[in-house]
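Here the structure comes first, spelled out in structure tokens, and everything after it is commentary.
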Amino acid sequence: MRGRRFCRLSDGRVRKRHRLGWPGLAACAWLLAAGCVPSYEGLLEGADGVIIRLADITRITGDSDLTEDEQREALRALGLTDESLIDLLVRGL
């Protein structure tokens, strides 16, 4: 049984009822999904395009067993190339 194709407005006018149907719902879902972007919170991008997590940086700079030179090398191995940034991270500023 199909629903009514027309509806009566409060002022007495009659209009055709709009239905999205499956194609319309799929199009709406696609548009909503296309607008979603992943969260990059807590991430940096290295010079080579590799994603660097801030948790990894914190793990390295918070390791008291590593010397400053070892911390610098570990940060370079993650993909950081900016020496002034590496200095700031190792010094804890």
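Under the side chain to side chain contact (heavy atoms under 4.5 Å, CB included) criterion, L85 pairs with L80, D82, L89, sequence neighbours left out.
Sorted by first and then second residue, the salt bridge (Lys or Arg N to Asp or Glu O under 4.0 Å) pairs with a member in residues 69-79 read E68-R72, R72-D87, E73-R76, R76-E83; sequence neighbours excluded.
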Could you tabulate the donor-acceptor pairs under 3.5 Å formed by side-chain atoms of residues 52-65, not counting sequence neighbours?
| residue | atom | partner | partner atom | Å |
| --- | --- | --- | --- | --- |
| R53 | NH2 | D56 | OD1 | 3.4 |
| T58 | OG1 | L54 | O | 2.9 |
| T61 | OG1 | I57 | O | 3.0 |
| T61 | OG1 | T58 | O | 3.4 |
| D63 | OD1 | D65 | N | 3.0 |

